[in-house]
Amino acid sequence: MAEANPETQMKVCTHCKLEKHTYEYSKDKSRKDGFDDKCKQCRRIWRLKNAGLQNIYTATYQEKNRKQNEDKTGEYIDYLHKKGYFITKDAQQKNYRFNLDIKPWKGKLYKIGVVSDTHLGSRYQQLTNLHKFYKICQEDNVREVFHCGDLLDGQKVYKGQEYEIFMHGVDGQVRYCIENYPDHNDITTYFICGNHDESHFKLSGIDVGQMIAKERSDMKYKGFHGAHFMIKGVDIYLHHGQGAVAYARSYKIQKLVEQMSPENKPNLFFLGHYHVGCHLPMYRNVYMWQMPCFQAQTPYLLALGLEPELMGLIVSFRISDGQPYAFEEKKVCFHDSVKEDY
């Protein structure tokens with residue numbers, strides 16, 4: 001049987017009561033004849049008159065679905081908890097305080113090394129220079145190195161990052177770090193995780209810091225974004241920042257210290273993330289360093305107009321009555337990056 005021709009088929013609109021060709025109606029498979037009961041013109045007028053009611057209906061529908069989805073999410077989480085899984089959205093450690101039993105090098109003189117933003121897994125990593133820095137630390141009797149975050153390059157931090165890494169996936173990057181990060185039996189590395197490390201946590205709920213520290217006894221993981229280390233009453237604070245470099249290099253670290261209450265101000269403050277260095281001595285009674293990195297200029301940084309600085313830092317100081325004094329710093333700079341250093 002041939003289908004009815006919409007050019008000749010007629011239908012009466014239930015709203016305006018006029019007989020019109022079926023091509024003047026929207027299709028509706030739920031109806032016997034396959035067409036809406038109101039013509040397109042009447043349906044358009046109805047929408048205009050009832051736009052407010054339609055918005056209220058839509059908002060009510062969305063709120064109902066949101067609550068239903070929240071209830072289902074809660075049920076799923078409870079089910080996984082009963083199965084032995086632990087579900088969380090936030091990092092497990094933030095801004096914790098740790099007491100370190102570090103012995104002075106001579107008398108009251110302490111020496112520490114500081115690095116940041118090694119971005120292992122990136123095609124632009126500077127692993128050779130990182131090993132050179134650790135070798136210098138070893139020769140200079142440095143036994144503790146502090147890392148200000150972004151050990152790994154992570155995944156999907158920005159568009160196009162997948163073309164700038166050679167090691168893909170959380171397992172690959174973690175294994176690469178475990179096998180290739182400088183390993184000196186007489187040097188302990190204390191590290192926090194930055195936003196690139198956290199990308200794995202956001203994508204899959206995996207804390208890469210815990211995975212690395214589990215297999216590297218010389219690497220001590222101390223949480224996401226920030227951690228305080230207490231040495232004989234001296235507070236050393238590591239922090240990994242966010243956002244782009246400010247016009248004035250000192251701006252970011254100044255604002256961070258200005259927001260700290262007096263009782264939370266550290267004695268030494270090392271800031272990672274920005275890939276360029278800055279030193280502010282005794283700002284609000286805090287010795288501050290914004291740390292360079294161990295990653296050459298990537299296409300992403302080139303587009304931002306940022307030329308990173310390759311450098312590690314060795315800081316020595318004395319402690320008396322819980323206060324540091326007699327600071328000396330040794331900048332270990334690497335002016336030439338190593339191409340394809342992987």
Test applied, side chain to side chain contact (heavy atoms under 4.5 Å, CB included); reference residue, F133; option that passes from V332, L310, V142: V332
Distance-minimising heavy-atom pair for [X] and [Y]:
X	Y	answer
S122	Q295	OG-NE2, 3.0 Å
Y110	I102	CE2-O, 3.3 Å
L301	P308	CD1-CG, 4.2 Å
M230	N99	CB-OD1, 3.2 Å
Q126	V338	OE1-N, 2.7 Å
M219	A213	O-CB, 3.4 Å

side-chain contact (heavy atoms from CB on, under 4.5 Å) evaluation trace for V115 with M291: CA-CA 7 Å; V115 297; M291 292 301 300; 5.6 Å; no
Tell me if the [atom1] atom of [X] is crowded by more than 12 foreign heavy atoms within 6.0 Å.
X	atom1	answer
Q254	CD	yes
D321	CG	no
K20	NZ	yes

Can you name the ring pair (Phe, Tyr, Trp, His ring centres under 6.0 Å) partners of [X], sequence neighbours left out?
X	result
H168	none
Y25	none
Y274	none

Residues that, via side-chain heavy atoms closer than 4.5 angstrom, fall in one hydrophobic cluster with Y247: none
Qualifying residues under salt bridge (charged side-chain N to carboxylate O under 4.0 Å, His left out), relative to [X], sequence neighbours excluded:
X	value
D33	K11
E329	K331
K103	none

is_close_aromatic(H131, H184), centroid dist under 6.0 Å: no
Aromatic centroids of Y176 and F166 separated by under 6.0 Å: yes
Close side-chain approach of S116 to D150, heavy-atom, < 4.5 Å: no
[atom1] of [X] to [atom2] of [Y]: how many Å apart, nearest 0.5 Å?
X	Y	atom1	atom2	result
E258	K265	CD	NZ	11.0 Å
K108	R318	NZ	CZ	9.0 Å
D235	N267	CG	CG	6.0 Å
M311	L313	CE	CG	5.0 Å
K38	C16	NZ	SG	10.5 Å
L130	C293	CG	SG	11.0 Å

Listed once per pair and sorted, the salt bridge (Lys or Arg N to Asp or Glu O under 4.0 Å) pairs that draw on residues 242-253, sequence neighbours left out: R249-E309
E215 and R175 ion-paired at < 4.0 Å: yes
Ignoring hydrogens and geometry beyond distance, is a side-chain donor-acceptor pair present between [X] and [Y] at under 3.5 Å?
X	Y	value
D153	Q125	no
Q173	H200	yes
Q155	S199	no

CA sep, side-chain torsions, deciding dist, call: H119, L152, side-chain contact (heavy atoms from CB on, under 4.5 Å): CA-CA 4 Å; H119 289 270; L152 311 180; over 6 Å; no
Within residues 333-342 or reaching into it, pairs that qualify as side-chain hydrogen bond (donor to acceptor under 3.5 Å, both in side chains) - sequence neighbours excluded: T128-D341
Selection residues 250-269 - residue pairs positive for ring pair (Phe, Tyr, Trp, His ring centres under 6.0 Å), sequence neighbours left out: Y237-F269
Residue pairs passing the ring pair (Phe, Tyr, Trp, His ring centres under 6.0 Å) test where at least one lies in residues 137-158, sequence neighbours excluded: F146-Y190, F146-F229, Y158-Y300
Stepwise side-chain contact (heavy atoms from CB on, under 4.5 Å) check, I192 with Y221: CA-CA 6 Å; I192 60 175; Y221 170 56; 5.8 Å; no
Stepwise side-chain hydrogen bond (donor to acceptor under 3.5 Å, both in side chains) check, T189 with Y134: CA-CA 10 Å; T189 300; Y134 268 77; 2.7 Å; yes
Verdict with reasoning, R43 to D37, per salt bridge (Lys or Arg N to Asp or Glu O under 4.0 Å): CA-CA 9 Å; R43 182 66 69 180; D37 62 337; 3.4 Å; yes
C148/L271 under side-chain contact (heavy atoms from CB on, under 4.5 Å): CA gap, chis, key distance, verdict: CA-CA 7 Å; C148 299; L271 175 64; over 6 Å; no
Residues which pass side chain to side chain contact (heavy atoms under 4.5 Å, CB included) with Q242, listed by chain and number, not counting sequence neighbours: N195, H225
